[in-house]
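Some notes on the structure that comes next.
Bear in mind the structure is a predicted one, so any value in this text is a computation, not a measurement.
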Amino acid sequence: THVLESYLLKIRTGEIKKAYDPQTPADWEYLLNMFSLAEEQQLPLILFGDTEGADCKQASEDAGQLTKLAEVIKATNRYPYPVISINIGMKGSGGGETLIAPLDAAADLENAMSFVAAASVMYWIETGRWIDPSSPPEKQEELRRFVLQLRDATAEVRRDKLFQIDEIILEGPGGAHLHPEFVSTNLRSWIVPTLKMLKQLDQEILRSRRRERQQRARQVGTVPNLQV
């Protein structure tokens with residue numbers, strides 16, 4: 001939580017500017033190496049996700065993007081120690097599925113969103129109008145209003161209807177970057193007892209419970225087989 005607090009503080013002060021950098025196969029390979037190191041040390045995984053999605057350029061596809069995504073998802077599913085997932089901003093398709101999942105415990109920051117694609121892409125599909133950061137302010141406002149209507153993407157729906165998360169971490173007025181200490185404290189208050197509970201489960205029960213949680217989340221909204 002100290003790392004997240006420092007990150008949010010740097011955004012607030014302008015020391016860094018938040019920008020999305022799509023993940024490449026090399027990024028996933030690094031992540032898999034970190035998983036292996038953590039497993040050797042018998043450590044839990046606490047995953048922070050914030051991505052518009054993995055890189056979809058031809059070079060990444062040729063380098064095995066899909067295979068690496070599958071390997072990361074498989075690694076988190078098979079990990080023998082507790083795995084906690086936190087969406088701190090955006091869950092985009094593909095890349096978001098790797099770190100933002102029900103697993104053993106999951107939470108969203110209050111204003112986190114989850115999409116099957118970037119909001120600009122979704123808007124283009126539905127309206128035929130393309131809006132990106134270079135578009136004029138009135139177009140940016142148009143996209144903002146569209147995002148606010150995406151109720152299925154909110155943390156509340158993911159917790160109460162889709163069963164994808166267990167907790168919503170309050171950010172405070174204006175968002176997490178304005179209240180890094182507040183968010184860090186709230187997150188720590190949830191992680192510590194959750195991790196303590198999960199550490200009491202043996203590996204087989206932990207994995208079985210993980211599978212059941214993910215299966216429950218997948219079944220929401222599916223269409224049952226027709227009775228002929």
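- When hydrophobic residues (I, L, V, M, F, W, Y) are linked wherever their side-chain heavy atoms come within less than 4.5 Å, the members clustered with Ile168 are Ile165.
- For the pair Asn87 (side chain) and Gly89 (backbone), a donor-acceptor distance under 3.5 Å is present.
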In residues 97-106, what donor-acceptor pairs under 3.5 Å come from side-chain atoms, sequence neighbours left out?
from   : atom 1 : to     : atom 2 : distance (Å)
Glu97  : OE2    : Lys91  : NZ     : 3.2
Thr98  : OG1    : Gly95  : O      : 2.5
Asp104 : OD1    : Arg210 : NE     : 2.9
Asp104 : OD2    : Val83  : N      : 2.7
Asp104 : OD2    : Arg210 : NE     : 3.3
Asp104 : OD2    : Arg210 : NH2    : 2.8

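- By the side chain to side chain contact (heavy atoms under 4.5 Å, CB included) test, Trp130 is found to be paired with Ser120, Val121, Trp124, Asp132, residues two or more places apart in sequence or in another chain being considered.
- Side chains of Leu206 and Pro80 form no contact here, defined as non-hydrogen atoms less than 4.5 Å apart.
- Under a 3.5 Å cut-off, the side chain of Ser189 and the backbone N or O of Thr185 do form a donor-acceptor pair.
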- Item | Verdict with supporting geometry, Trp190 and Leu195, side chain to side chain contact (heavy atoms under 4.5 Å, CB included) | CA-CA 9 Å; Trp190 174 70; Leu195 196 54; over 6 Å; no
Report all side-chain donor-acceptor pairs from residues 32-49 shorter than 3.5 Å, counting only partners two or more places apart or in another chain.
from  : atom 1 : to    : atom 2 : distance (Å)
Asn33 : ND2    : Glu29 : O      : 3.3
Ser36 : OG     : Leu32 : O      : 3.2

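- A donor-acceptor pair under 3.5 Å is formed between the side chain of Glu171 and the backbone N or O of Ala176.
- A distance-only check finds a donor-acceptor pair linking the side chain of Asp27 to the backbone of Thr24 [under 3.5 Å].
- Checked for salt-bridge contact, Lys68 and Glu71 meet the test: a charged N lies under 4.0 Å from a carboxylate O.
- Considering only residues two or more places apart in sequence or on other chains, Arg211 meets the side-chain hydrogen bond (donor to acceptor under 3.5 Å, both in side chains) condition with none of them.
- A donor-acceptor pair under 3.5 Å is absent between the side-chain atoms of Ser208 and the main chain of Glu204, judged by distance alone.
- Here the closest non-hydrogen pair linking Leu69 and Ala54 is CD2-CB, 4.3 Å.
- Leu66 is not connected to Ile73 by any chain of hydrophobic side-chain contacts under 4.5 Å among Ile, Leu, Val, Met, Phe, Trp and Tyr, and they are in different clusters.
- Residues forming a side chain to side chain contact (heavy atoms under 4.5 Å, CB included) with Pro136 (at least two apart in sequence, or on another chain): Glu138, Lys139.
- Under the side chain to side chain contact (heavy atoms under 4.5 Å, CB included) criterion, Gln164 pairs with Arg158, Leu162, Ala217, sequence neighbours left out.
- Annotation: side chain to side chain contact (heavy atoms under 4.5 Å, CB included) contacts of Thr127 (sequence neighbours excluded): Tyr123, Arg129.
- When the side-chain hydrogen bond (donor to acceptor under 3.5 Å, both in side chains) test is applied to Arg213, the partners found at least two apart in sequence or on another chain are Asp166.
- The two residues Ala107 and Ile169 have their closest heavy-atom pair at CB-CG1, 4.1 Å.
- Among pairs with a residue in residues 75-84, those fulfilling side-chain hydrogen bond (donor to acceptor under 3.5 Å, both in side chains) read Asn77-Gln214, at least two apart in sequence or across chains.
- A search for salt bridge (charged side-chain N to carboxylate O under 4.0 Å, His left out) contacts involving Glu167 returns nothing, not counting sequence neighbours.
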- Query: Step by step, would you call Ile86 with Ile191 a side chain to side chain contact (heavy atoms under 4.5 Å, CB included)?
  - Reply: CA-CA 10 Å; Ile86 302 116; Ile191 287 178; 4.1 Å; yes
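- Judged by distance alone, the side chains of Thr51 and Gln23 do bring a donor and an acceptor atom under 3.5 Å apart.
- Taking Lys57 as the reference, Asp55 meet the salt bridge (charged side-chain N to carboxylate O under 4.0 Å, His left out) condition, with sequence neighbours excluded.
- The same ILVMFWY cluster, assembled from side-chain heavy atoms under 4.5 Å apart, contains both Ile131 and Met113.
- Put simply, the side chain of Ser60 never gets that close to the backbone of Cys56: no donor and acceptor are under 3.5 Å apart.
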